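Contents: one structure, followed by commentary.
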Amino acid sequence: MIDLTHAEQQIQCVNSFQELVSTPFQGRVNAMCWERTLVGDFAEIVHKITLTENVTVVDLDELCALDLTKEGQLARAILLQDFQLLKDHGASPVLNVISYYDRDDIVPFFPTDVYSYHVDRSPIPTDTILCTYHGDASDILPNSQVQQKITIPSIRAALMELYEGAAEDFASFLSDNFFDLHYQANPGAIPINLGQGNLWRLAVDHPGSKVPPCVHRAPHESSGEKRLLMIC
């Protein structure tokens, strides 16, 4: 079960894929969860996929060609079903096996990689949909438990020292380099883990959005297991 103790009414749970994609975000709700207990051996799939990068995109033809046990076949059927549900919804799902994500060290005091709490942005109305089938899952935080990093005086001052352009273009500099998408957890903030098998829909910063975007981060690979993730 998802622990909603510290969710601050941020999360709404639903009972089907159709509810997940059709229920509007409103009020404090900017994360939707179809909580599921999946059957099958997803670890077998992770171990049999040929890894080419630290983040390997799983080709569906390769997935279908894998020689799997009965438990592995059950897991594969779920992956293919989820993929088709998302495609039929009009999304562009990608299935990844993730060893680790690249780290950002260009600005050492302000990394903008996915291990940092951040929000997604889009020029058109959309949502982020994801499911972790194996390995560590992402975390989210209620918006009241974070502060946008560019509003923290010491960080903003350091960014202004880094910036070399005209003062009136500073906001564009922050946006162009994705600094404005990143957040710092408040003292005492308690992350909510998305868990394995659950299909999530997270609000994105886009024109016309009626709710704040969902603040989230990728997990540090503390379990040592590779992550099997579908995302769109």
Side-chain angles (χ1 to χ4, degrees), residues 1-46 58 60 63 70-96 98 117 119-120 122 124-145 190-206 208-219 223 225 227-232:
M1 295 288 290
I2 299 297
D3 184 359
L4 301 179
T5 306
H6 306 284
E8 298 184 7
Q9 300 178 326
Q10 173 193 16
I11 298 169
Q12 182 171 340
C13 293
V14 298
N15 298 309
S16 68
F17 179 80
Q18 188 56 40
E19 276 190 83
L20 180 77
V21 297
S22 64
T23 304
F25 292 123
Q26 56 187 344
R28 294 185 180 181
V29 175
N30 62 6
M32 205 77 60
C33 175
W34 179 20
E35 193 171 3
R36 309 183 296 178
T37 300
L38 302 183
V39 297
D41 189 350
F42 293 94
E44 182 183 1
I45 291 174
V46 170
V58 177
L60 292 194
L63 176 63
K70 183 177 292 187
E71 289 299 306
Q73 292 173 36
L74 289 172
R76 175 169 59 195
I78 290 171
L79 292 173
L80 294 174
Q81 181 181 40
D82 283 354
F83 195 93
Q84 193 60 50
L85 282 171
L86 290 165
K87 280 197 68 177
D88 291 346
H89 175 59
S92 299
V94 177
L95 182 64
N96 293 324
I98 302 162
Y117 279 115
V119 299
D120 297 331
S122 171
I124 60 173
T126 189
D127 306 305
T128 295
I129 301 177
L130 72 161
C131 179
T132 299
Y133 301 90
H134 181 72
D136 299 307
S138 298
D139 292 323
I140 63 175
L141 275 175
N143 297 71
S144 64
Q145 296 184 26
I190 300 176
I192 301 157
N193 189 263
L194 302 190
Q196 288 185 0
N198 306 314
L199 195 58
W200 287 83
R201 174 173 151 241
L202 307 182
V204 168
D205 179 15
H206 65 74
S209 177
K210 297 181 179 180
V211 298
C214 184
V215 178
H216 60 285
R217 68 176 177 188
S223 70
E225 294 284 347
R227 188 183 187 199
L228 182 61
L229 172 73
M230 192 174 295
I231 188 167
C232 53

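Bear in mind the structure is a predicted one, so any value in this text is a computation, not a measurement.
Put simply, the side chain of Ser209 never gets that close to the backbone of Asp205: no donor and acceptor are under 3.5 Å apart. Remark: the backbone N or O of Leu141 is not paired with any side-chain donor or acceptor of Gln145 at under 3.5 angstrom.
The two residues Ser138 and Arg217 have their closest heavy-atom pair at CB-O, 3.2 Å. Pro93 and Phe83 get closest at one heavy-atom pair: O-CE1, 3.3 Å. Between Leu86 and Cys232 the shortest heavy-atom distance is CD2-SG, 4.0 Å. Here the closest heavy-atom approach between residue Arg201 and residue Leu20 is recorded as NH1-O, 2.8 Å. Between Asn143 and Pro212, the shortest heavy-atom contact is ND2-CB, 3.6 Å. Scanning both residues, Pro213 and Asp120, for their nearest heavy atoms gives CB-O, 4.4 Å.
The shortest side-chain heavy-atom distance between Asp136 and Asn193 does not fall under the 4.5 Å cut-off. Leu79 has its side chain within reach of Leu228: a pair of non-hydrogen atoms, C-beta onward, lies under 4.5 Å apart. Counting only heavy atoms from C-beta outward, the side chains of Leu85 and Asp88 never approach each other to under 4.5 Å. With contacts defined as side-chain heavy-atom distances shorter than 4.5 Å, the pair Tyr117/Pro191 qualifies. Under the 4.5 Å side-chain criterion, counting only non-hydrogen atoms from C-beta, Cys33 is not in contact with Leu194.
To the nearest 0.5 Å, atoms CZ (Phe17) and CZ (Arg36) are separated by 9.5 Å. Here the straight-line distance linking atom CD of Glu71 with atom CD1 of Ile45 works out to 11.0 Å at 0.5 Å rounding. The CD atom of Gln9 sits 11.5 Å away from the CD1 atom of Ile11 when rounded to the nearest 0.5 Å. The OG atom of Ser144 sits 8.5 Å away from the CD atom of Gln10 when rounded to the nearest 0.5 Å. Interatomic distance, CG of Asn30 versus CD1 of Ile140, reported as 7.0 Å (0.5 Å rounding). Considering CG of Asp41 and NE2 of His134, their distance stands at 8.5 Å, rounded to 0.5 Å.
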Decide side chain to side chain contact (heavy atoms under 4.5 Å, CB included) for Met32 and Gln12; before the verdict, give the C-alpha distance in whole Å, the side-chain angles of both, and the deciding distance to 0.1 Å. CA-CA 5 Å; Met32 205 77 60; Gln12 182 171 340; 3.5 Å; yes
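Tested against Leu202, the residues Val119, Ile129, Leu130 include a single side chain to side chain contact (heavy atoms under 4.5 Å, CB included) partner, Leu130.
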